[in-house]
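First the proteins, then the strands, lettered A, B, ... as listed; each starts at 1. This is a predicted model, so every value here is computed, not measured.
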2 protein chains.
Amino acid sequence: MPKKTIISMAVIKRLPKYYRYLGELLRNDVERISSKELADRIGFTASQIRQDLNNFGDFGQQGYGYNVRFLYEEIGKILGLTRTYNTVIVGAGNIGQAIANYTNFEKLGFHLKGIFDRNPKLIGISIRDIVIQDVDNLENFLKNNHIDIGIICVPKEQAQKIADIFVRCGVKGIWNFAPTDLSVPEDVIVENVHLSESLLTLSYRLNEAELFKGKTGR
Amino acid sequence: MPKKTIISMAVIKRLPKYYRYLGELLRNDVERISSKELADRIGFTASQIRQDLNNFGDFGQQGYGYNVRFLYEEIGKILGLTRTYNTVIVGAGNIGQAIANYTNFEKLGFHLKGIFDRNPKLIGISIRDIVIQDVDNLENFLKNNHIDIGIICVPKEQAQKIADIFVRCGVKGIWNFAPTDLSVPEDVIVENVHLSESLLTLSYRLNEAELFKGKTGR
DNA sequence: AAAAGTATGTTAAATTATAATCAATAGGTT
DNA sequence: AACCTATTGATTATAATTTAACATACTTTT
């Protein structure tokens, strides 16, 4: 009977952070680390780290802690970094170009295979040796190339239309930078990056003290 | 006795989303909306929306619901959008330029006052009429201009150094795009945008089903 | 080789967050 | 104007998440 393991989003969101910290420890030739010490560095509790990791396996040893390289590699596996991903970017504006130029993603195994835009001034230009194509070619391109992740960097009005094309062509992951919520079938994963929302969160927090000044308790 | 109101981060992160949906309703000339209908649109529960809003005041009316314009404006106030913010961007690479070109933030009241980089090839170039300055001028600039939010778009190795300058010069909010965690005094607010972590979350979720295949229950 | 020390994985408790319920009340209707 | 309906804000219940506690087992020291 297969274990119906549902890992909560709270845990999932912490995994990349563990991976980042372990990667740094590894580069600094740290061989082993205890949950306590890792917790102190990251700013979590040791208990939380142990519980998070134990969702996926027993990676540590009593009296020793965790082997940094081993744990780093295990989390890499968990995050799906033992395989590669083909990606396309739709929308070669500011954000689209920025993402396209981000070579770090290549190192992690995310390979950019195509860039699309509808602006004739951009079509034909190359970014990192990839020629920007007319977005009208997108559907055809997706039919002839297996793409794992579609990156949406178009204005919000066009985002759903692009998402629909992705869904229709079997793209299972969407990284959405458009400030809108996409509707997709449940087997398609959408990860949103909503910059405005992030900025508004910051402005809220900058003013929070003011907001409640003078309010009386109940 | 001032009410010691601490709004949880979970609530805060939902506020911009309410603001976005209400803005759209407003543009579509919707006058009023119930928590139920808003919930259906956003994908939350009505109860959650009512509870979130009641942290800040009684904005609705029994039997009627919420007036869209009124609620939109109230949430705008809560988010701190009745004032303006001066910002600077440090790091005029891909992301820095993308953010600099994002005129939407201006509309919300976030005014870009300076861009800094250390690359001589970029210094002197203008983005939206703002000349990129040598990062060596940053500290001096901050002393002569009141800046509310510093936006960090430099490589991770230099991010803490820039954050230190911000802190030293009284910048109270930092929007951090560098893939590292900054250490700042507690009166300084840091909002992180960690793109790699977002992408790794996506790749995790794309593979989650595989990860637990064959595992037996306990 | 035994003792002492360390740090895990796991279970339990506490806390926090979300959802459901419901009395109160305003708006709409006849 | 009285009644009916809708929907809030508040309360209570449930669920999820985080933290603490601890027995167990490995490592290190003597």
Side-chain angles (χ1 to χ4, degrees), chain A residues 3-15 17-18 21-22 25 30-72 74-75 78 201 215-218, chain B residues 3-15 17-18 21-22 25 30-72 74-75 78 201 204 208 215-218:
Chain A
K3 185 183 177 183
K4 197 196 172 192
T5 311
I6 297 164
I7 306 295
S8 80
M9 201 49 99
V11 175
I12 297 169
K13 291 278 178 192
R14 283 192 292 267
L15 294 174
K17 202 160 180 174
Y18 295 141
Y21 274 85
L22 288 164
L25 289 169
V30 178
E31 259 183 39
R32 72 185 224 188
I33 194 161
S34 67
S35 58
K36 173 73 169 60
E37 201 192 328
L38 187 57
D40 289 343
R41 288 176 186 249
I42 301 188
F44 294 166
T45 63
S47 189
Q48 178 163 71
I49 292 178
R50 292 203 300 278
Q51 267 207 2
D52 283 352
L53 296 177
N54 286 129
N55 282 303
F56 302 99
D58 298 352
F59 304 125
Q61 276 190 319
Q62 278 108 326
Y64 175 90
Y66 299 88
N67 177 280
V68 172
R69 177 178 302 278
F70 175 72
L71 186 57
Y72 176 77
E74 287 300 314
I75 294 179
I78 293 165
T201 301
K215 292 271 170 70
T216 51
R218 294 181 186 189
Chain B
K3 185 182 176 184
K4 197 196 171 192
T5 312
I6 298 165
I7 307 294
S8 80
M9 201 50 100
V11 174
I12 297 170
K13 291 277 179 194
R14 282 191 293 267
L15 294 174
K17 200 159 180 173
Y18 296 141
Y21 273 85
L22 287 164
L25 289 167
V30 178
E31 257 183 40
R32 70 185 226 188
I33 193 158
S34 67
S35 58
K36 173 73 167 61
E37 200 191 328
L38 187 57
D40 289 344
R41 288 176 188 250
I42 302 189
F44 294 165
T45 63
S47 185
Q48 178 162 74
I49 291 178
R50 291 203 300 278
Q51 264 204 354
D52 283 353
L53 296 177
N54 286 130
N55 282 303
F56 302 99
D58 297 354
F59 303 124
Q61 278 189 319
Q62 279 107 328
Y64 175 90
Y66 299 86
N67 177 282
V68 172
R69 179 179 300 277
F70 175 72
L71 186 57
Y72 177 76
E74 287 300 314
I75 295 179
I78 292 165
T201 301
Y204 170 85
E208 189 170 30
K215 293 271 172 69
T216 52
R218 295 182 183 187

Measure from CG on B:N55 to P on C:dA17 and round the result to the nearest Å.
10 Å
Flag this pair as yes if the NZ/CZ of B:R32 is under 6.0 angstrom from the six-membered ring centre of B:Y64 and inside a 45 degree cone about the axis; otherwise no.
yes
Within this structure, what is the CD1-to-P distance between A:I6 and D:dA16, rounded to whole angstrom?
9 Å
Stepwise side chain to side chain contact (heavy atoms under 4.5 Å, CB included) check, A:I75 with A:L71:
CA-CA 6 Å; A:I75 294 179; A:L71 186 57; 4.0 Å; yes
Want to settle it: does B:A46 or A:D52 sit nearer the 5' end of DNA chain D, counting the closest nucleotide to each?
B:A46
Picking from C:dT10, C:dG27, D:dT27, the nucleotide nearest the side-chain atoms of A:Y64 would be D:dT27
Nearest non-hydrogen partners of A:T45 and A:A39, listed with the distance
C-CB, 3.6 Å
So which heavy atom on B:Y204 is nearest to which on A:I78, and how close?
CD1-O, 3.1 Å
Rounding to a whole Å, what distance do you find between A:F56:CZ and C:dT10:P?
14 Å
Quickly work out the B:N67 CG to D:dT8 P distance and round it to whole Å.
13 Å
Report the distance from atom CG of B:N54 to atom P of C:dA17, rounded to the nearest whole Å.
17 Å
Nearest-0.5 Å distance, CD1 of residue B:I7 to CG of residue B:L15:
8.0 Å
Could a donor-acceptor pair under 3.5 angstrom be found where the side chain of A:Q62 meets the base of C:dT8?
yes
Take the protein atom CD1 of A:I12 and the nucleotide atom P of D:dA16, then report the distance between them rounded to whole Å.
14 Å
Please report the distance, rounded to the nearest Å, between CD1 in B:I7 and C1' in C:dA17.
13 Å
I need the CD-P distance between B:Q61 and D:dG9, as an integer number of Å.
9 Å
By salt bridge (Lys or Arg N to Asp or Glu O under 4.0 Å) - contacts of A:R14 (at least two apart):
A:D52
Counting only side-chain nitrogens and oxygens, does B:Y66 get under 4.0 Å of the OP1 or OP2 atom of D:dG9?
yes
Would you say that B:Y18 contacts B:I42 through its side chain, given a criterion of any heavy-atom pair below 4.5 Å between the two side chains?
yes
Heavy-atom closest pair, residues B:V68 and B:L25
CG1-CB, 3.9 Å
For DNA chain C, which residues in residues 30-39 of chain B have a heavy atom at a distance below 4.0 Å?
B:R32
What N/O pairs connect the protein and nucleotides 19-22 of chain D at under 3.5 Å? Give each pair on its own line.
{"residue": "D:dT19", "atom": "OP2", "partner": "A:T45", "partner atom": "OG1", "Å": "3.3"}
{"residue": "D:dT19", "atom": "O4", "partner": "A:Q51", "partner atom": "NE2", "Å": "2.7"}
{"residue": "D:dA20", "atom": "N7", "partner": "A:S47", "partner atom": "OG", "Å": "2.8"}
{"residue": "D:dA20", "atom": "N6", "partner": "A:S47", "partner atom": "OG", "Å": "3.2"}
{"residue": "D:dA21", "atom": "N6", "partner": "A:R50", "partner atom": "NH2", "Å": "3.2"}

Full working for side chain to side chain contact (heavy atoms under 4.5 Å, CB included) between B:I33 and B:R41:
CA-CA 11 Å; B:I33 193 158; B:R41 288 176 188 250; 4.1 Å; yes
